[in-house]
Amino acid sequence: MYIVQIASECAPVIKAGGLGDVVYGLSREVSAQGHCVELILPKYNNMRYDHIWGLHDAYRDLWVPWYGGRVHCSVFCGWVHGQLCFFIEPHSNDFFFDRGVYYGCDDDPMRFAFFSKAALEFLLQSNKRPDVIHCHDWQTGLIPVLLYEMFQYQGMDTQRVLYTIHNFKHQGFAGPEVLWATGLNREAYYFQYEQLRDNFNPFSLNFMKGGIVYANHINTVAPHHAWEAMYGDCGFGLGGTLHSKSFKFSGILNGVDYTIWNPEEDTHIAHPYSLTTFEDKVLNKKALREKLGLRPCDKPMIAFIGRLDDQKGVDLVHHAMYYSLNRGAQFVLLGSATDSTINDWFWHEKRHLTDNPDIHLELTFNEELAHLIYAGADMMVVPSKFEPCGLTQLISMRYGTVPIVRGVGGLVSTVFDWDYDTFHPQEERTGFVFYESDNYALESGMNRALDLYYDEPKFFQQLAQQGMQYDHSWKKSGQEYIKMYDYIRHK
Ligand SMILES: Nc1ncnc2c1ncn2[C@@H]1O[C@H](COP(=O)(O)OP(=O)(O)O[C@H]2O[C@H](CO)[C@@H](O)[C@H](O)[C@H]2O)[C@@H](O)[C@H]1O
């Protein structure tokens, strides 16, 4: 099969969070299983160019219809760790992708509407006719809309679309201008409830809703989250739409790219280790302390890695920092915030705690440091309010770092509580789970983990090693995606 992935991120060249990991890891796996996979991405000026090999302009004259005129674009081509990627660079005064950031601009809906249109225009003009177009999140929600309302009449009538939703909270809203810009025009038609009109704001179009309505199949990144989105409050207003499209909606659990996340071969960590040389993990804890200026001691090390966003339960992350110190542990946080209130809050904490030798807050995006923390920490807290799948707990388990998670979304499907899980025998359990979203619940999870660490170190190590034995590589999930591609291709 020939698959084209269209997305706003692809790790490690463009990564703001888990979307980038999934787009790269899945592409690699599907290629490894014998299919042809190409990626189309925006050419941001701040992406990690050091991860692209052989970048050259492959298609100089892409003209993209936009409002009444056309925008001239160049398409660059290069290899990102073995995956062929095309990067679209528009030459216009909007400077859509020359902003020094991936997201967070007022005109984000316009930027990604343009990208969606340009990506399809590139396929059309370069005569690429994939069997399946796989697009992701709100940024590419307009792809199936544009394909079925416009491009199929220009010769792209056999392409099928899989639309994967990684986060229902961000849906992409715009007014009618986006219809005039992209050439979809017909306001009255698209503003119908059955089309793109937002379920709550009648004056707004909803990109993600468009993706759901028009794609051949939609999935989210864990089966449990598919249920939560349809029947709970995790659909953020799209539950009804999903319900009406439940015949084409499912969940496929994410995997982790074990060529990147592998403690045996990780070049970013101080001392590689495996299940059988688990005792070397402590050398990474020592190296982490040295790197971050934490004092040498025999305390446990608790970590948090993630976007500092309301979704991640930042209030509980904050509580976990102080509670760890109270219980005699060290704490490391690696995160960055796009919300200025949360950013200011954590910068305030960082300054306040700067002289404390047992805690370090690193408020940036740092892929290399993330590897060292996964390897050096004993426990990872993931107190999310909602979590479609979650990769940090999966990576942590791979590194023998015990996850302490809130029982939501993909977290509850991958972390099995050491004390209370009723579905798995003790030798298959992997961490600690709490359910309520308050300090007491978090403390109960952390206490049980710390008690096991202090009082029964052998059992704690056994638990860490049990997590390492799970296979959360892309192999199985990759096969599920291939089955899905094949299914929609023949629909
Ligand atoms: N400051 C920082 N420095 C370095 N690395 C950092 C970092 N902050 C985060 N990361 C890394 O980014 C990834 C985050 O993974 P998550 O599963 O938390 O994704 P996220 O919530 O962004 O995405 C959404 O998409 C993913 C993928 O589908 C879902 O798993 C998830 O539930 C959903 O919310 C991990 O690889 C983590 O190590």
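Order of listing sets the numbers, starting from 1, for every ligand and every atom in it.
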Which of these, [options], has its nearest heavy atom closest to [atom]?
atom: atom 34 (O) of ligand 1; options: Gln311, His136, His371; result: Gln311
atom: atom 21 (O) of ligand 1; options: Met380, Glu368, Lys312, Glu367; result: Lys312
atom: atom 6 (C) of ligand 1; options: Trp261, Phe365, Phe304, Tyr374; result: Phe365
atom: atom 4 (C) of ligand 1; options: Thr364, Asn366, Thr392, Val22; result: Asn366

For [X], counting its heavy atoms only, list the atoms of ligand 1 lying under 4.0 Å from any of them.
X: Asp21; answer: 13 (C), 35 (C), 36 (O)
X: Ile395; answer: 36 (O)
X: Gly335; answer: 1 (N)

Any idea which protein heavy atom is nearest [atom], and the distance to it?
atom: atom 32 (O) of ligand 1; value: Glu387 OE2, 2.5 Å
atom: atom 9 (C) of ligand 1; value: Gly306 CA, 3.6 Å
atom: atom 12 (O) of ligand 1; value: Lys15 CE, 3.4 Å
atom: atom 30 (O) of ligand 1; value: Gly390 N, 2.8 Å
atom: atom 22 (O) of ligand 1; value: Arg307 NE, 2.8 Å
atom: atom 25 (O) of ligand 1; value: His166 CB, 3.5 Å
atom: atom 14 (C) of ligand 1; value: Gly18 N, 3.5 Å
atom: atom 27 (C) of ligand 1; value: Asn254 ND2, 3.3 Å

Checklist entry - Do the numbers put Arg398 on top of the ring of Tyr258, so that NZ or CZ is under 6.0 Å from the six-membered ring centre and no more than 45° off the axis? => result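 Geometry flag: set, cation within 6.0 Å and 45°.
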Checklist entry - Considering the options Tyr2, Tyr163, Tyr481, which one meets the ring-ring contact (aromatic ring centres under 6.0 Å, His included) requirement together with His134? => result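 In the set Tyr2, Tyr163, Tyr481, the residue that makes a ring-ring contact (aromatic ring centres under 6.0 Å, His included) with His134 is Tyr481.
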Next on the checklist: Quick check on ring-ring contact (aromatic ring centres under 6.0 Å, His included): which of Phe278, Tyr453, Phe432, Trp418 does Phe460 satisfy it with?
Outcome noted: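 When ring-ring contact (aromatic ring centres under 6.0 Å, His included) is applied between Phe460 and each of Phe278, Tyr453, Phe432, Trp418, only Tyr453 qualifies.
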Indicate yes or no: does [X] engage [Y] in a salt bridge with an N to O separation below 4.0 Å.
X: Asp131; Y: Arg160; answer: no
X: Asp309; Y: Lys312; answer: no
X: Asp471; Y: Lys476; answer: no
X: Glu228; Y: Lys385; answer: no
X: Lys299; Y: Asp358; answer: yes
X: Glu367; Y: Lys15; answer: yes
X: Asp257; Y: Arg28; answer: yes

Checklist entry - Just how far is it from atom CD of Gln171 to atom CG of Leu238, taken to the nearest 0.5 Å? => result 4.0 Å
Checklist entry - Taking N or O atoms only and a 3.5 Å limit, does Ala370 qualify as a polar contact for ligand 1? => result no
Next on the checklist: Ile305 versus ligand 1: do any nitrogen or oxygen atoms come within less than 3.5 Å of each other?
Outcome noted: no
Checklist entry - Under 4.0 Å from ligand 1, counting heavy atoms only, is it the side chain of Leu369, its backbone, both or neither? => result neither
Next on the checklist: I need the contact type for Glu362 against ligand 1. Using non-hydrogen atoms and a strict under-4.0 Å cut-off, is it side chain, backbone, both or neither?
Outcome noted: neither
Checklist entry - Heavy atom of Val382 under 4.0 Å from ligand 1? => result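 Distance cut 4.0 Å: Val382 fails for ligand 1.
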Next on the checklist: Using only atom types and a distance under 3.5 Å, with no angle test, would you say the side chain of Thr140 pairs donor to acceptor with the backbone of Cys135?
Outcome noted: no
